[in-house]
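Working notes, beginning with the structure itself.
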Amino acid sequence: MVGVDVGGTFVDFALCDRDGEMAIHKVPVEPADLAGSIMRGIAELALRQGTDAGTFLGRIELVVHGTTVATNALLTGAGSRTGLLTTKGTRDALEMRRGVKEEPLDNKYEAPPPLVPRYLRLSVDERVDWNGDIMAELDLGSLEAAVQALKTHEVEAVAVCLMHAYANDAHERRVAARLREALTDAYLTVSSELLPQLGYYSRVSTAVLNSYVGPLLKSYLSSLAARLAGAGFGGQLLIMNSAAGLMAPEEIIPRAAAALLSGPAAAPVAAQVYAAGTGASDCVVIDMGGTSLDISLASGGEPREVTEGRVGRYATALPMIDIRTLGAGGGSIARIDAGGGLQVGPRSAGAAPGPACYGKGGTLPTCTDVDLLLGYLDPDYFLGGRMRLAREPADRAGRGPLAAPLGGSGGGAAGAA
């Protein structure tokens, strides 16, 4: 069995044989070819086992994969161009956010921008009541106008969420059928298929999240499955979902929002096992990757599961481990805001070019650069000694944009810190 965890900067592998022996491996991510990064890591892992990749893959019965592809796309605003089709009069519910203000005492606190801009939030004339009774039939003219607008703007994905569709999905099914006919290449989320339950804002937000990250996840998992099979893998590929369960690729692709915490969900489970071995039943879990920082709590020996939460400040109502995700990882870029304060993230240097100290052309200061300059990282033993970190680019990256505004002296980013 092989466990694979793809982050924004590195891919981690854990091999477990029939005797319970464990081997771990790590390779840098190639952002333009995530599946290729996995294949390269498997080839290196096979070499360590004294065999070739084809023979090695032929022996593997199970690959369990956690990925932050969806997470990082959401946190960095790199999702797909998404349209929303909803009932006339309700298209602004996505931006109104049910009237909930996360920081009620902060008058300057701004909500995150909606994942669908207003010009792509389109309405159709129809209405179904709470009991499922049709109050107004679907107006085909308004539907056609919305479809043509989505085609004009060349959306990559569409979310459909009509009022009370959980009680009667007839109109949603007709809208979805027309969209599948007109936008053949677009990723489509239908709220009554994804989340048939009460709560309009929860449904519309979850449906939009699903479509926003869906095309990226679909492209990635389809490529990975094909490349594994082409290289000789005949076992089963399972993807970890946000509730730390496992799903086949064909099951999770249409439910892409269920993978928003795919990678982070593994940490609370691992922490629970470790804590049990020490006799502890409660623990706080902090999982810092290259792009995100994930915080959770295991209480009474079990990670806490919720059916309504937030990822990157966006609401989702799919089952998930209660994890708070921030855009503050090792590759998160530090900057000075308009008020002269230090801000870190959510933008990340990723793996290419990566932090300045990687020596791959990065010029902006990140957490990893500062950690190196402060002596927290050994420059000669990064990535198990296979990658050397460079102090000079890290110091140069922080000297201008950070040190001077913050009053740091001679130490560049470290002096600012």
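Between Glu95 and Arg121 there is a salt bridge, with a side-chain nitrogen of the basic residue lying less than 4.0 Å from a carboxylate oxygen of the acidic one. Note on Arg391 versus Asp395: no salt bridge recorded, every NZ/NE/NH1/NH2 to OD/OE distance being 4.0 Å or above. Taking a cutoff of 4.0 Å between a charged side-chain nitrogen and a carboxylate oxygen, Arg324 and Asp294 do not qualify as a salt bridge. A salt bridge is absent between Arg313 and Glu110: the closest approach of a Lys/Arg side-chain nitrogen to an acidic carboxylate oxygen does not fall below 4.0 angstrom. Between Arg98 and Glu308 there is a salt bridge, with a side-chain nitrogen of the basic residue lying less than 4.0 Å from a carboxylate oxygen of the acidic one. Between Arg97 and Asp92 there is no salt bridge, since no side-chain nitrogen of the basic residue lies less than 4.0 Å from a carboxylate oxygen of the acidic one. Salt bridge status for Glu44 with Arg48: absent, with no side-chain N to carboxylate O gap under 4.0 Å.
For Glu392, the CD atom is loosely surrounded, since the number of other residues' heavy atoms within 6.0 Å does not exceed 12. Other residues, nucleotides and ligands contribute at most 12 non-hydrogen atoms within 6.0 Å of the CD atom of Glu154. Surrounding CZ of Arg347 are at most 12 heavy atoms belonging to other residues, nucleotides or ligands under 6.0 Å away. Enclosure of atom CG in Leu383 by more than 12 non-hydrogen atoms of other residues, nucleotides or ligands within 6.0 angstrom is indicated. Applying the 6.0 Å contact sphere to NZ of Lys26 captures more than 12 heavy atoms from other residues, nucleotides or ligands. No more than 12 heavy-atom neighbours from other residues, nucleotides or ligands sit within 6.0 angstrom of CD on Glu61. For Asp185, the CG atom counts as loosely surrounded, since its 6.0 Å shell holds 12 or fewer non-hydrogen atoms of other residues, nucleotides or ligands.
The shortest non-hydrogen separation linking Trp130 to Tyr166 is O-OH, 4.0 Å. Leu260 approaches Ala70 most closely through the heavy-atom pair CD2-O, 3.8 Å. What you find for Leu318 and Leu194 is that their closest heavy atoms are CD2-O, 4.1 Å. Across every non-hydrogen atom of Ile321 and Leu261, the tightest pair is O-CD1, 3.8 Å. When all heavy atoms of Leu188 and Ser211 are compared, the pair lying nearest together is C-OG, 4.3 Å.
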What's the verdict on side-chain hydrogen bond (donor to acceptor under 3.5 Å, both in side chains) for Asp371 and Thr368, showing C-alpha distance, side-chain angles and the deciding distance? CA-CA 5 Å; Asp371 286 344; Thr368 300; 5.4 Å; no
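Proximity of the aromatic rings of Tyr119 and His153 is defined here by a centroid distance below 6.0 angstrom, and this criterion is met. Checked against the 6.0 Å centroid criterion, the rings of Tyr220 and His65 qualify as a close aromatic pair.
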